Engineer: 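Pasting in a structure now, in structure tokens, and then I'll have a few things to ask.
In this text, all values refer to a predicted model and were calculated from it rather than measured experimentally. Scope of the values below: all heavy atoms of this structure, side chains included, with no hydrogens, waters or symmetry mates.
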Amino acid sequence: MNVEKMRFGFGSNWNNYSKGIGFSEIEIAENSLKDLLGVQSLKGKSFLDIGSGSGLFSLAARNLGASVFSFDYDVNSVKCTSNLKEKYYKDDASWTIERGSVLDSQFMSKLSQFDYVYSWGVLHHTGDMWKAFDLIIPSCRSGSILTIAIYNDQGGESARWLLIKKIYNKLPLLFKPLWVFSTMFPLFLKGMFLLSLKGIFLKFNPLYYLKSLQYNQRGMSRWYDWVDWVGGYPFEVAKPEDIFDFFRKHDFELIRLKTCRGGLGCNEFVFLKKD
């Protein structure tokens with residue numbers, strides 16, 4: 001099967017989401033980045049955003065003081081990122097945006113080394129995740145922090161999601177929203193019900209849950225996050241131990257791991273490049 005013919009329109013989805021980016025989304029993204037990296041500031045640091053998508057986290061890194069290099073394979077994603085720069089950092093020499101592929105060895109070899117290399121939920125959508133891992137390593141100098149988030153390998157459940165994604169990308173445009181809603185909304189309701197049983201919320205309030213549809217924990221619109229979940233193809237997964245073993249062999253030390261506890265979602269890894 002031709003991967004390019006089946007490729008989900010990531011940039012188009014980001015473009016729809018980015019139209020609503022405002023103060024709330026930016027603040028959530030900044031707090032998410034600070035929490036993940038364990039910092040309050042990136043002043044004086046360089047930040048490589050691999051697969052910048054909407055550009056929100058490139059903007060968050062720039063707001064935290066980093067000099068930023070953003071790139072994405074999808075032209076619409078490059079446009080989204082450029083629009084955010086135009087709005088908030090017009091003519092800023094400390095934020096560079098280019099179109100490029102993490103699987104293009106020539107493009108990657110031209111990049112300098114960075115203090116922070118960041119690629120959240122991107123490399124498993126390239127079509128060759130393990131090659132992408134190989135090609136991002138030279139961007140890290142001794143002492144660099146590498147942050148990636150990769151879909152968890154759930155075995156048969158991951159195979160089911162692969163089928164869901166293939167069906168989405170074959171459907172006529174008119175039926176795609178219905179496929180997204182019918183796939184994701186039952187999972188959302190189940191999650192909210194389980195949270196209510198744990199006593200996180202004082203009472204079952206349907207209006208409260210409907211409001212929580214707006215954003216996820218990283219500032220992403222819930223709806224466009226769902227579209228990405230259902231449509232995001234190519235699609236690869238990995239067990240946490242396989243990611244750990246790969247980067248350990250390349251002199252990276254795992255300094256933080258946040259798993260999805262064996263369930264649906266991405267495992268987050270923060271590595272330190274050793275001497």
Engineer: To the nearest 0.5 angstrom, please state how far the CG atom of D74 sits from the CG atom of N13.
Structural biologist: 10.0 Å
Engineer: Taking atom OH of Y233 and atom CZ of R7, what is their separation to the nearest 0.5 Å?
Structural biologist: 9.5 Å
Engineer: With rounding to the nearest 0.5 Å, note down the distance linking CG in L254 to CZ in R248.
Structural biologist: 11.0 Å
Engineer: State, with a plain yes or no, whether a side-chain heavy atom of S70 is found less than 4.5 Å away from one of W95.
Structural biologist: yes
Engineer: Nearest 0.5 Å please: distance from the OH atom of Y224 over to the CG atom of N16.
Structural biologist: 4.5 Å
Engineer: Is it true that K239 and D245 have a side-chain N and a carboxylate O under 4.0 angstrom from each other?
Structural biologist: no
Engineer: A side-chain contact here means heavy atoms from C-beta on lying under 4.5 Å apart; do F133 and I150 qualify?
Structural biologist: yes
Engineer: How long is the straight-line distance from SG of C140 back to CG of L272, given to the nearest 0.5 Å?
Structural biologist: 10.0 Å
Engineer: Should the ring pair F269 and F271 be called parallel, tilted or perpendicular, given that the plane angle runs from 0 to 90° and is split at 30 and 60?
Structural biologist: parallel
Engineer: side-chain contact (heavy atoms from CB on, under 4.5 Å) between E98 and L111: does it pass, once the steps are laid out?
Structural biologist: CA-CA 11 Å; E98 292 188 11; L111 300 181; 5.7 Å; no
Engineer: Taking atom NZ of K34 as the centre, does the number of heavy atoms from other residues, nucleotides or ligands within less than 6.0 Å exceed 12?
Structural biologist: yes
Engineer: Under a single-linkage definition using a 4.5 Å side-chain heavy-atom cutoff for Ile, Leu, Val, Met, Phe, Trp and Tyr, are L42 and Y88 assigned to the same hydrophobic cluster?
Structural biologist: yes
Engineer: Over 60° means perpendicular and under 30° means parallel, so classify the ring planes of F107 and F71, tilted if in between.
Structural biologist: perpendicular
Engineer: According to a hydrophobic-cluster definition based on side-chain heavy atoms being under 4.5 Å apart (Ile, Leu, Val, Met, Phe, Trp, Tyr only), do I255 and F244 belong together?
Structural biologist: no
Engineer: Considering only NZ, NE, NH1 and NH2 on the basic side and carboxylate oxygens on the acidic side, decide whether D115 and R141 come within less than 4.0 Å.
Structural biologist: yes
Engineer: Check for me whether R99 meets the cation-pi criterion with Y73, that is, NZ or CZ under 6.0 Å from the six-membered ring centre and within 45 degrees of the ring axis.
Structural biologist: yes
Engineer: Only counting residues at least two apart or in another chain, list the ones meeting salt bridge (Lys or Arg N to Asp or Glu O under 4.0 Å) with D92.
Structural biologist: R62
Engineer: Any heavy-atom pair between the side chains of H124 and V237 that's under 4.5 Å?
Structural biologist: no
Engineer: Check the orientation of W226 and F185. Use parallel for under 30°, tilted for 30 to 60°, and perpendicular for over 60°.
Structural biologist: perpendicular
Engineer: Y151 and ring pair (Phe, Tyr, Trp, His ring centres under 6.0 Å): which single residue from W120, W229, W161 fits?
Structural biologist: W229
Engineer: Looking at I97, is its backbone amide N or carbonyl O close enough to the side chain of K85 to form a donor-acceptor pair, meaning the two atoms are under 3.5 Å apart?
Structural biologist: no
Engineer: Can you check whether S82 reaches V78 side chain to side chain, under 4.5 Å on heavy atoms?
Structural biologist: yes
Engineer: Can you check whether T147 reaches V270 side chain to side chain, under 4.5 Å on heavy atoms?
Structural biologist: yes
Engineer: Would you mind reporting whether D72 and F10 have side-chain heavy atoms less than 4.5 Å apart?
Structural biologist: no
Engineer: How many angstroms lie between atom CG of L123 and atom CH2 of W130, to the nearest 0.5 angstrom?
Structural biologist: 11.0 Å
Engineer: Do I136 and I50 come within less than 4.5 Å of each other through their side chains, counting heavy atoms only?
Structural biologist: yes
Engineer: Taking the basic N atoms (NZ, or NE/NH1/NH2) and the acidic carboxylate oxygens, is any pair closer than 4.0 Å for D134 and K131?
Structural biologist: no
Engineer: Just checking, is any N or O donor in the side chain of N63 or Y89 under 3.5 Å from an acceptor N or O on the other one?
Structural biologist: yes
Engineer: Regarding S52 and T81, do their side chains bring together a donor and an acceptor under 3.5 Å, going by distance alone?
Structural biologist: yes
Engineer: Under a 3.5 Å cutoff, is there a donor and acceptor pairing between the side chains of N76 and S12?
Structural biologist: no
Engineer: Measuring only between side-chain heavy atoms, which start at C-beta, is Y17 closer than 4.5 Å to L56?
Structural biologist: yes
